[in-house]
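Encoded as structure tokens, the structure appears first; notes follow it.
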Amino acid sequence: MRAISLGLRLALLGLVCITLALGVAFVGLSSLFNSHVERRAEAELTVHFDQLLGG
């Protein structure tokens, strides 16, 4: 059995770590963006509702 070289193992480990970091960043940023859009929509609907009540 041939052993995998140290450089190849380090490259594979780096690739796995980068992939995991990108996945975590994607989930976190998606969550932040989603909550931001929901807050903006709610604020806009509140403004429209207040205008309707005032009219």
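These figures come from a predicted structure and were not determined experimentally. The first residue in the sequence is number 1, and the count goes up from there.
Checking each of Thr46, Val47, Leu52 against Asp50 for a side chain to side chain contact (heavy atoms under 4.5 Å, CB included) leaves exactly one that passes, namely Thr46.
Within the 3.5 Å criterion, the main-chain N or O of Val27 finds no donor-acceptor partner in the side chain of Ser31.
When the shell of 6.0 Å around CG of Leu20 is examined, it contains more than 12 heavy atoms from other residues, nucleotides or ligands.
Counting heavy atoms from C-beta on, the side chains of Glu42 and Glu38 never come closer than 4.5 Å.
Atom CZ of residue Arg39 and atom CG of residue Asn34 lie 10.5 Å apart, to the nearest 0.5 angstrom. Distance CG/Leu10 to OG/Ser5: 8.5 Å, rounded to 0.5 Å.
Residues Thr19 and Leu15 approach most closely at OG1-O, 2.7 Å, considering heavy atoms.
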